[in-house]
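Contents: one structure, followed by commentary.
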Amino acid sequence: MIDLQPDDVTFLARINGQLKEYLEHMENCRLREGVRSVLGISSLGNAYLQAQKAWVLIKSPDTVDRAAVVIGVACNVAALLGLLLRAYMPSVAEEIFSQCATPANHRTLAPIIANGGHITCLLPQGHVIGE
């Protein structure tokens, strides 16, 4: 993502915190706590979208680029949720992957684990999602 604002960086740091918790819970077979981490990430994503108001930003030529960043960040979080839900609800995860048009090589936690438990860009700039 380019042109991330301080709010975006703070948001992604919070996502990374929840993601690290999720990975720790799963490594230690604490599945219930893992679900709580997934729900926490979902809640953060929802709050981010509500606060950033991409549907308002997209209407003005002055803020359309900002809307694109917000939508890109949100879509990446949706793809991340697909990854995290895969252990609990595989068919829901597959539906998220389909809607996000998540590439097959981004349907695994391996790159995130290799990145120290930090979110990676699952859907690059310009990626076209499904309907």
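All residue numbers in this chain count up from 1 along the given sequence.
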Exercise for the section: For Tyr48 and Val73, indicate whether the former's side chain and the latter's backbone hold a donor-acceptor pair under 3.5 Å. Expected result: no
Fill in the blank from the handout: So CD of Gln99 and CD1 of Ile129: to nearest 0.5 Å the spacing works out to 8.5 Å
Fill in the blank from the handout: Rounded to the nearest 0.5 Å, the CD1 atom of Ile112 sits from the OG1 atom of Thr120 at a distance of 4.5 Å
Practice task
Would you confirm whether His106, through its side chain, and Pro103, through its main-chain N or O, come within 3.5 Å as a donor-acceptor pair?
Solution key: no
Handout entry: Salt bridge flag under 4.0 Å for residues Arg66 and Asp8
Key = yes
Problem - Distance (rounded to the nearest 0.5 Å) between Gln125 CD and Asn76 CG - result: 11.0 Å
Exercise for the section: Quick one: pull up CG in Leu23 and CG in Leu109 and give me the separation to the nearest 0.5 Å. Expected result: 6.0 Å
Handout entry: Glu94/Arg86 ion pair, N-O < 4.0 Å
Key = yes
Practice task
Look at the side chain of Arg107 and the backbone N and O of Leu83, then say whether any donor-acceptor pair between them is shorter than 3.5 Å.
Solution key: no
Handout entry: Joint hydrophobic cluster, Val92 plus Leu31, side-chain heavy atoms closer than 4.5 Å
Key = yes
Exercise for the section: Spell out, as yes or no, whether a donor-acceptor pair under 3.5 Å connects the side chain of His127 to the backbone of Ala101. Expected result: yes
Practice task
Mark yes or no for whether Thr108, through its side chain, and Ala110, through its backbone, hold a donor-acceptor pair below 3.5 Å.
Solution key: yes
Problem - Shared hydrophobic cluster for Leu4 and Leu19 (ILVMFWY, side-chain gaps under 4.5 Å) - result: yes
Handout entry: Linked, directly or transitively: Met89 and Leu81 (ILVMFWY side chains, under 4.5 Å)
Key = yes
Practice task
Indicate yes or no for a side-chain donor-acceptor contact from Asn46 to the backbone of Ser42 under 3.5 Å, with no hydrogens or angles considered.
Solution key: no
Completion exercise
dist Gln52:CD -> Ile71:CD1 (nearest 0.5 Å) comes out at 11.5 Å
Handout entry: Within one Ile-Leu-Val-Met-Phe-Trp-Tyr cluster: Val9 and Phe11, side-chain cutoff 4.5 Å
Key = yes
Practice task
Answer with yes or no whether the hydrophobic clustering places Ile41 together with Tyr88; edges join I, L, V, M, F, W, Y residues whose side-chain heavy atoms lie under 4.5 Å apart.
Solution key: yes
Handout entry: Point-to-point distance, once rounded to the nearest 0.5 Å, from CZ of Arg36 to OG of Ser43
Key = 14.5 Å
